[in-house]
Amino acid sequence: MKAATAVVLAALAVGAQAAPPAGVSEAVAMADGGWLALGRNALHLYGADGGERAKLALRGRQLDSRPSPDGALAIVIDANAEQAVPVRVSSRQGSIAADAALPAVGFGIEAACLYRDAQQLDHVFLIAKDGQAEQWLLSGQKPQRVRRLALPPHVKHCRVDDATATLYVSENGFGVWAYGADAEGVDHRSAVALRAPYGKLADGSGALATLPGGLAVLDAKGKALHSFSYRDGAWTEQPVRKLAAAASPRALALDGKGKLFTLSGDEERWQELALRWAPPAPAPQLPVVQPRAQTEPVARAGDAADDPAIWLHATDPQASRVLGTNKKQGLLVYDLQGRQLQLLESGRLNNVDVRQNVELDGRRFDLAAATQRDENAIVLFTIDADGQVSEAARFPTGLREIYGACLYHPAGGALEIFVNDKDGSYQQYRVGRSGGKFTSTLLRRFSVSSQPEGCAADDRTGQLFVGEEKKGVWVTAASAEKATPLKMALPVGGLLKADVEGMSVYHGSQANYLVVSSQGNNSYIVMESAPPFKVRGAFRIGFNVEAGIDGASETDGLDVTSANLGGPYGRGMLVVQDGFKRLPDGPQNFKYVAWDDIARALKLD
């Protein structure tokens with residue numbers, strides 16, 4: 001750490017509150033300079049002058065809090081009932097009020113900590129001795145379980161860094177682990193500090209306190225304070241502070257100005273700790289939009305749902321349909337409320353796309369096409385005027401591992417299908433009709449250098465957008481007769497994080513946009529679909545607490561339309577596959593997002 005940028009946290013604490021009162025085992029700072037603290041049989045609120053202002057009779061443990069406009073939201077474990085109790089603290093009124101306890105989780109709670117997410121929604125993590133854990137959403141009319149987790153056994157302490165959405169857990173006798181606190185996305189962990197011989201902690205870890213861009217950790221015997229900064233994906237240990245007198249390893253408190261306190265060895269009084277720290281610049285946050293609806297979960301567990309496509313009803317927009325693939329079963333058909341209307345067991349379908357009013361052999365058809373991975377084939381579906389879907393044909397491709405697909409309907413032309421292989425190969429087919437049967441004709445082949453999946457053809461401009469998962473979004477001519485070399489429209493980097501997945505074109509009244517799933521950071525890029533392909537922003541899909549809908553993450557496929565579908569979808573809708581169904585855990589599904597909400601979040605035309 002450069003000395004010029006180092007900050008002494010104790011020096012920042014000019015005018016900060018005094019140490020927590022004596023005789024309490026845990027304490028969290030209040031914004032007015034006071035403390036909320038756990039005594040032997042009560043939760044106490046102390047003012048900045050050290051005087052007690054309120055008390056709640058409770059034999060509790062595991063205290064944590066987050067500020068509120070009037071004071072704080074706290075969580076404490078009722079040690080008799082083994083239940084988490086949310087507590088509302090008013091500094092203005094000098095009061096403490098307990099909400100109804102969370103439902104019993106079925107295990108003894110060893111550790112508990114709060115998390116405030118990017119939407120400013122409050123969560124609590126509850127952790128058992130054997131590593132069972134649950135995450136609950138506290139915001140809303142009543143608490144709701146978000147997900148179950150598997151954490152290390154013997155976790156005695158936990159804390160969450162809201163800015164980085166990182167859950168830290170202190171495994172007794174072993175060390176500290178970092179997990180993702182955001183419920184969306186696959187669980188991941190990294191080791192922050194472990195005991196010897198796996199790391200430099202002499203005796204394992206004790207209590208934790210989050211610091212801007214890092215963590216403070218007491219060792220298991222209360223003899224040293226360790227601090228760790230997280231920069232550029234790596235943990236760096238700062239100089240260890242040896243404590244002149246042994247402290248209780250069970251208690252560490254951070255005041256509102258950055259001053260650290262720990263309990264003395266006799267656990268009767270608190271002592272101040274000095275720590276040098278260089279806070280990083282705050283990371284920019286993407287805007288969050290809420291889904292308006294979600295589909296019923298698919299009927300298969302694991303990685304099953306994959307790609308949606310929107311079909312528009314000719315006379316009644318609210319009777320439009322969403323088609324979605326289940327990679328373990330077939331094709332699903334939903335209404336705009338998310339109810340499943342059909343299941344076509346056509347095998348392991350991956351990508352699906354829809355085009356309407358396609359003229360073939362003197363007749364007009366609404367058609368969908370999907371890639372079928374068992375047969376390495378294209379499955380063609382017809383859609384009648386009421387949205388009823390039927391399988392119509394299968395076309396072999398000769399590909400070894402068929403994967404992604406998209407459709408192209410040139411003005412005055414027939415339907416064309418692009419399909420790709422995991423090895424980067426692309427094929428383009430033209431669909432025809434002869435003798436009452438659908439046919440396919442191979443038009444061209446091309447390739448990218450590594451695995452692709454998502455693609456999208458813009459029927460109005462004749463452009464084809466191709467996603468190469470690790471590299472970015474390419475563009476070329478959709479017409480086989482006017483084929484041009486692939487040109488990079490948006491490389492991976494910046495807002496776009498690999499893998500590059502689903503994509504679709506939104507045709508607006510003022511501008512047209514390509515929407516791309518940036519799977520690596522669970523977000524969605526919106527870029528202009530005309531050169532120079534300016535990126536207009538990115539967003540995430542978060543919780544709709546009132547509707548009981550979780551966010552979306554690890555999105556594979558998506559589709560978007562600008563058609564007026566009524567209600568909140570007056571300017572169209574985006575449908576995305578959700579890789580992790582939460583609130584509570586369950587099989588994957590698809591989320592519906594109003595385009596108006598996206599346009600407001602990104603200030604689009």
Subject >> Pair Asp366 + Arg355: basic N to acidic O under 4.0 Å >> reply: no

Q.
Salt bridge or not between Asp122 and Arg66? Use side-chain N to carboxylate O under 4.0 Å.
A. no

Contacts satisfying disulfide bond (SG atoms under 2.5 Å apart) that involve residues 336-437 (not counting sequence neighbours) are Cys406-Cys455

Quick one, Glu468 with Ser449, criterion side-chain hydrogen bond (donor to acceptor under 3.5 Å, both in side chains). Give me CA distance, side-chain angles, the key distance, then yes/no.
CA-CA 8 Å; Glu468 188 173 1; Ser449 60; 2.9 Å; yes

Would you say the side chain of Val535 lies within less than 4.5 Å of the side chain of Ile525, judging by non-hydrogen atoms?
yes

Separation between CG (Leu407) and CG (Leu367), nearest 0.5 Å, reads 8.0 Å

Nearest heavy-atom approach of Ser479 to Tyr408 is N-CE2, 4.1 Å

Check: Can Thr555 and Tyr524 be counted as having a side-chain donor-acceptor contact under 3.5 angstrom?
Finding: yes

#### Entry: Arg300 and Asn326 side chains, donor-acceptor separation under 3.5 Å
no

Tyr403 meets the ring-ring contact (aromatic ring centres under 6.0 Å, His included) criterion, sequence neighbours left out, with none

Does Val160 reach the side chain of Thr166, with side-chain heavy atoms less than 4.5 Å apart? no

Original post:
Any salt bridge between Asp585 and Arg147, counting N to O under 4.0 Å?
Top reply: no

Judged by atom type as modelled, is there a donor-acceptor pair below 3.5 Å linking the side chain of Ser425 to the main-chain atoms of Asp423?
no

**Asked** With no hydrogens and no angle check, is any side-chain donor or acceptor of Asp556 less than 3.5 Å from a backbone partner on Asp307?
**Response** no

What one should report as the nearest heavy-atom pair of Phe533 and Met527 is CB-CE, 3.4 Å

message: Under a 4.0 Å threshold between the charged nitrogen and the carboxylate oxygen, would Asp335 count as salt-bridged to Arg321?
response: no

**Asked** Do Thr382 and Ser390 have side-chain atoms, one donor and one acceptor, less than 3.5 Å apart?
**Response** no

Rounded to the nearest 0.5 angstrom, the NE2-CG distance for His313 and Asp386 is 5.5 Å

For Ser68 and Asp70: C-alpha separation, side-chain torsions, deciding distance, then whether side-chain hydrogen bond (donor to acceptor under 3.5 Å, both in side chains) applies. CA-CA 5 Å; Ser68 68; Asp70 188 36; over 6 Å; no

Closest heavy-atom pair, Arg582 versus Ala183, reported as atoms and distance to 0.1 Å, is NE-O, 2.7 Å

I'd like to know if Asp605 pairs up with Arg536 as an ion pair, taking the criterion as any Lys NZ or Arg NE/NH1/NH2 lying under 4.0 Å from an Asp or Glu carboxylate oxygen. yes

Would you check if the distance from the ring center of Tyr506 to the ring center of Trp595 is below 6.0 Å? yes

Next item on the list: Determine yes or no for a side-chain-to-main-chain donor-acceptor pair under 3.5 angstrom, with Asp384 supplying the side chain and Gln388 the backbone.
Entry: yes

Pairing of Glu134 and Arg148 as salt bridge, 4.0 angstrom limit: yes

Contacts satisfying salt bridge (charged side-chain N to carboxylate O under 4.0 Å, His left out) that involve residues 502-518 (not counting sequence neighbours) are none

Under 3.5 Å, is there a donor on one side chain and an acceptor on the other for Ser504 and Asp559?
yes

Practice prompt. Determine yes or no for a side-chain-to-main-chain donor-acceptor pair under 3.5 angstrom, with Asp550 supplying the side chain and Phe543 the backbone.
Written response: no

Worksheet item: Have His507 and Asp458 got a donor and an acceptor in their side chains that come within less than 3.5 Å?
Response: yes

Tightest non-hydrogen contact, residues Pro291 and Asn544, listed as O-ND2, 2.8 Å

Pair Arg394 + Glu375: basic N to acidic O under 4.0 Å | yes

Is it the case that the side chain of Thr325 and the backbone of Lys327 share a donor-acceptor pair, with hydrogens and angles ignored and the cut-off at 3.5 Å?
no

One should read off an interatomic distance between Leu138 CG and Leu102 CG, to the nearest 0.5 angstrom, of 6.0 Å

- Test salt bridge (charged side-chain N to carboxylate O under 4.0 Å, His left out) applied to Lys534 and Glu528, step by step: CA-CA 5 Å; Lys534 179 181 177 180; Glu528 295 177 1; 5.2 Å; no

Could you check whether any side-chain N or O of Ser447 sits under 3.5 Å from a backbone N or O of Tyr426, counting only pairs where one atom can act as donor and the other as acceptor? no

Smallest heavy-atom separation, Glu554 atom then Gln577 atom, equals O-OE1, 3.4 Å

Quick one: do the Asn589 and Gln294 side chains pair a donor with an acceptor below 3.5 Å? yes

Quiz question: by atom type and distance under 3.5 Å, do the side chains of Gln372 and Asn350 form a donor-acceptor pair?
no

**Asked** So does Arg292 pair up with Asp597, basic N to acidic O under 4.0 Å?
**Response** yes

Short side-chain to backbone donor-acceptor contact, Asp162 and Arg116, under 3.5 Å = yes

Q.
Would the distance check show the side chain of Asp578 and the main-chain N or O of Ser553 forming a donor-acceptor pair, the cut-off being under 3.5 Å?
A. yes

Donor-acceptor contact present, side-chain Thr295 to main-chain Phe590, <3.5 Å: yes

Does NZ or CZ of Arg433 fall inside the cone over Phe438's six-membered ring, less than 6.0 Å from its centre and within 45° of the axis? yes

On a heavy-atom basis, the closest approach of Leu336 and Val322 is CD2-CG2, 4.4 Å

Any donor and acceptor pair, going by atom type alone, linking the side chain of Ser518 with main-chain N or O of Lys497 inside 3.5 Å? yes

